[in-house]
Amino acid sequence: MKGFPSNFLWGGATSSSQLEGGWQEGGRGPTIQDVATAGSNDSPRYFTYRDAQGRPGRYPQFGGTLPDGAQYAVLPGEYYPNHDAVDFYHHYREDIALLAGMGFKVFRMSICWSRIFPRGDETEPNPEGLDFYRRVFEELRSHGIEPLVTLWHGEDPLYLVNTIGGWRSREMIDHFTRYARTVLTAYRGLVKYWLTFNELNNTVMFLDLMPPELAAAQAQDTYQQLHHKLVASARTVQLAHQIDPSFQVGCMIAYAVNYPRTCAPQDVLAAMEKDQRITHYCGDVQVRGRYPAYAGRIWRQAGVRLEATDQDREDLRRGTVDFYSFSYYSSACISAGGVREASKGNFTIGEKNPCLSYSEWGWAMDPDGLRFALNAVCSRYGLPVMVVENGLGAQDTVEPDGSIHDPYRIAYLRSHIQAMRQALDDGVDLFGYTAWGCIDEISASTGEMKKRYGFLYVDRDDAGRGTMARRKKDCYDWYRRVIASNGADLC
Ligand code: BG6
């Protein structure tokens with residue numbers, strides 16, 4: 001196959017809460033991810049808390065909220081998979097050497113905010129936290145790997161969530177930008193590519209996963225929280241450009257490809273509305289610097305009155321991103337008449353597509369959807385694009401000789417790389433690809449370990465047992481050849 005552009009950034013992606021572990025080491029404070037239990041494909045993850053009387057409680061991730069007066073808390077007897085994750089905190093040297101063995105050009109990772117500011121409201125950062133990421137970035141650079149750093153991958157410091165209600169409060173904007181300024185300044189010269197918020201649009205996608213009454217009750221709060229994050233993102237972009245004009249800062253969107261279920265105009269319009277609400281709402285603000293015209297309809301329908309100041313609008317206008325990045329896993333069908341047979345996906349739901357096959361976790365496998373998304377982004381914004389998450393979550397078997405044969409993962413990745421090649425031929429300015437979960441890590445949606453994406457297998461199970469030893473899967477050598485041939489050899 002025709003190769004990719006000569007400076008194409010091939011690599012893999014991770015997030016700190018799913019990878020790092022060491023939740024109580026190096027002066028790190030707890031985050032909201034530290035109070036999430038493990039679930040499965042059929043049972044939800046729970047957030048745990050203590051109520052106003054100190055009694056333990058929990059509610060399902062998309063099926064409840066924190067009772068008045070309660071505080072999120074780590075409870076005895078509960079299992080929290082993100083506490084140790086896969087212990088990158090102690091394995092980072094070995095892990096980076098293994099990634100370098102595949103010829104990685106780029107490694108996407110996130111900084112855990114509460115490693116830098118343990119409570120989130122301090123004025124001085126935690127030197128041990130700063131030092132940890134400095135060592136990681138230096139290690140990457142020593143192997144010729146470019147870090148791509150997400151500033152926020154869902155890890156709000158628990159103290160801020162418990163004391164000011166997290167992003168409900170405008171104060172979060174200042175806390176976040178103080179953190180952002182600190183790390184942007186500290187890692188100048190080590191990091192060039194930054195993403196502000198991971199999958200910012202999933203703030204509103206989550207509403208679709210809730211029971212309708214709960215979603216209606218949460219709408220005002222959710223859109224206001226998202227507004228605060230959008231302003232924080234825009235201020236961060238401005239700060240980044242002031243600190244170092246060579247910094248490249250991107251948005252990161254969970255790209256939901258929504259096909260109309262039929263050619264009925266009502267289905268086409270339903271898919272368009274879902275695209276606007278779920279897929280484009282955040283990117284339109286982050287790229288164009290203002291809310292799109294259709295936002296008014298969305299707020300009206302959801303009964304939302306957004307509180308936005310003139311300064312907010314000015315910040316949004318000034319803080320537009322340099323490139324667009326997104327995650328892509330699957331697509332769904334949308335029909336005006338409601339959902340007949342529901343499909344799952346990356347925090348999205350829609351209808352099953354009879355033309356596609358599905359993963360073990362019920363996510364559609366649709367490489368053409370990636371080409372579709374790349375073209376849509378290119379024609380909508382005309383910005384350079386990077387695919388920063390893509391992959392197949394699947395169970396792997398370790399053979400008696402220690403080998404791991406994963407032709408299903410290779411087939412998935414191959415077809416999506418072919419789709420990217422087609423998008424390049426379509427004229428899309430695609431400059432990089434980071435396969436999700438390049439080292440097996442904790443699943444975000446289910447908290448499972450057995451939902452694996454990696455080129456590197458980690459010996460750990462759903463109950464937290466295992467040695468944490470790393471092993472190469474068959475896809476490790478396959479991806480090494482892909483990178484060595486710059487995408488020409490996909491066999
Ligand atoms: C995206 C997230 O939602 O998809 C990742 O940015 C997540 O954090 C990935 O892990 C895959 O989802 P899951 O639920 O299979 O881990």
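Numbering of ligands and ligand atoms starts at 1, following listing order. Keep in mind the model is a prediction, meaning the values are calculated, not measured.
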is_close_aromatic(Phe372, Tyr255), centroid dist under 6.0 Å: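 So the answer is no for these two rings.
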Residue contacts for ligand 1, heavy atom to ligand atom, distance under 4.0 Å: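 Within 4.0 Å of ligand 1, protein side: Gln18, His153, Asn198, Glu199, Tyr329, Asn346, Phe347, Trp363, Glu389, Trp436, Ser443, Ala444, Ser445, Lys451, Tyr453.
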Reported CE-to-CG distance for the pair Met449 and Asp459, which is rounded to 0.5 angstrom: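 That separation rounds to 9.0 Å.
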Between Thr236 and Ser233, a side-chain donor and acceptor under 3.5 Å: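 Ser233 and Thr236 do not have a side-chain donor-acceptor pair below 3.5 Å.
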Gln18 side chain to Ser15 side chain, donor-acceptor N/O pair below 3.5 angstrom: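 There is such a pair between these side chains.
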For Asp208, all residues meeting salt bridge (charged side-chain N to carboxylate O under 4.0 Å, His left out), sequence neighbours excluded: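 Listed in chain order: Lys274, Arg277.
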Side-chain heavy atoms of Phe62 within contact of Ser445, under 4.5 Å: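 Not in contact.
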